[in-house]
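Heads up, the thing below is written out as structure tokens.
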Amino acid sequence: MRCFLFVAGSLTVSIAGLGAGGAAAQDVVKVGVVIPMTGTSAAVGREIAAATKLYIAQHGDAVAGKKIELIIRDDASVPDNAKRLAQELIVNDKVGFLGAGLTPSAMSMAPIATEGKVATVVMVSGTSVVTERSPYYVRTSFTLGQQSGIIADWAIKNGSKKAVSVLSDWAPGAEAGKVFEANFTKGGGQVLEALKVPLANPDFAPFLQRARDLQPDTLFVFVPAGQAGTFARQFAERGLDKSGIKLVGTGDIADDDDLPTTGDALIGVVTAGIYSAAHPSQLNKEYVAAYQKANGHRANFISVGGYDGMHLIYEALKKTGGKTDADTVVAAMKGMSWESPRGPISIDPNTRDIVQNVYIRKVEKVGGEPWSVEFATFNAVKDPLKEAAAK
Ligand code: PHB
């Protein structure tokens, strides 16, 4: 009956009160992940799909007496698609959990998760505000602020005084730029200009030229997963790798998905990031080897959001004895901590956001390929924008 109302177009009536697990088949818990499998951000979807499947392959598809069924839906990075797919997953597939991807899609899915009462793991989005859009959102990815403030402090400490920012023009880029500038300025530095590069099919050349003309000592760059390779090529083509300008950024510009094909362009680049495939723990070595074997390419910082997202779902189910009621599940997730391939992580019980180490890394050639080699660790970093708001 509710399905009929949904088709008739009354979303609020149709899914309000439809408890996530309530109508699901007794022994199956479906996890519906909405990610871009096609379009400009297809790499992101590919990594999340690969990592969530790897987790299930390694840990089995049975937990707390339930069989886990993973459903991947392609939103092609279009927020309206994400919203529609989330509705369908709740109403038709009766998922017990949702997985959310890119920031704009995660934003548009939030009211659906709230009304449908479905616990949702944010596996990709790096924008602070996303977790505030639904009480059922819990993040396993990262925030840009977590990394941008730390790299600004590092740059100041290492002699940077005048910076130019090159930022992908959407919410995560705005946050990266805002937190970088706040910390850089507080440390006595000056951001000469923040250059905004279109998100889709970017041509970095004119922005890199403008940045060079401004004669900064430091270039701070955020481009999202999937764009580091193009950025590195254009950076080297314009000779910026030999210009003496220090290139720093969030982990996104030293994406392990791109590093193997960037040659020498990014050698020496320092980033503050949440994950490197070179992270020297036993768990990570096993993760990188298993991911490589299954997919033929390196695990990257996006993949761990999916892998840890599945872990969070499995552990929550164990704690609730297989219950998927969103209030019970989210309560179980709050404060949970575990070792990820990236290092120790936890879910902040107050904000439902991820708390994790941020590493300072330098791109170096190891065994003939570029890797991001960690050399300093900031422990248990929270999202700085939420920290500031709480004061
Ligand atoms: C996001 O959707 O917020 C996002 C995606 C990819 C990134 C960073 C942020 O590399």
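Just so you know, ligand 1 is whichever comes first in the structure, and atom 1 is the first atom listed for that ligand.
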- For atom 4 (C) of ligand 1, which protein heavy atom lies nearest, and how many Å away is it? W170 CH2, 3.8 Å
- Please report which non-hydrogen protein atom sits nearest to atom 7 (C) of ligand 1, along with the residue it belongs to and the distance in Å to one decimal place. D252 OD2, 3.3 Å
- Item | Under 3.5 Å side-chain donor-acceptor pair for K196 and S165 | no
- Side-chain donor-acceptor contact under 3.5 Å, H279 with E374: yes
- P172, portion touching ligand 1 at heavy-atom distance under 4.0 Å: side chain
If you count the atoms of ligand 1 from 1 in the order shown, which ones are under 4.0 Å from a heavy atom of [X]?
| X | value |
| --- | --- |
| L102 | 2 (O), 5 (C) |
| F222 | 8 (C) |
| T103 | 1 (C), 2 (O), 3 (O) |
| S125 | 1 (C), 2 (O), 3 (O) |
| P224 | 6 (C), 7 (C), 10 (O) |
| F301 | 10 (O) |

- Is the backbone of R139 close enough, under 3.5 Å, to the side chain of R352 for a donor and an acceptor to pair up by distance? no
- Is any side-chain N of the basic residue among D353 and K382 closer than 4.0 Å to the acidic one's carboxylate O? no
- Item | Under-4.0 Å salt bridge between D27 and K67 | no
- Query: Any N or O of A225 that comes nearer than 3.5 Å to an N or O of ligand 1?
  - Reply: yes
- N/O separation below 3.5 Å, G126 to ligand 1: yes
- Query: Could you go step by step and tell me if Y307 and Y287 meet the ring-ring contact (aromatic ring centres under 6.0 Å, His included) rule?
  - Reply: CA-CA 10 Å; Y307 193 76; Y287 175 67; 4.6 Å; yes
- Between CG of L208 and CD of E237, what distance do you get to the nearest 0.5 Å? 10.0 Å
- Is it true that the NZ or CZ of R298 lies under 6.0 Å from the centre of W371's six-membered ring and within 45 degrees of the ring axis? yes
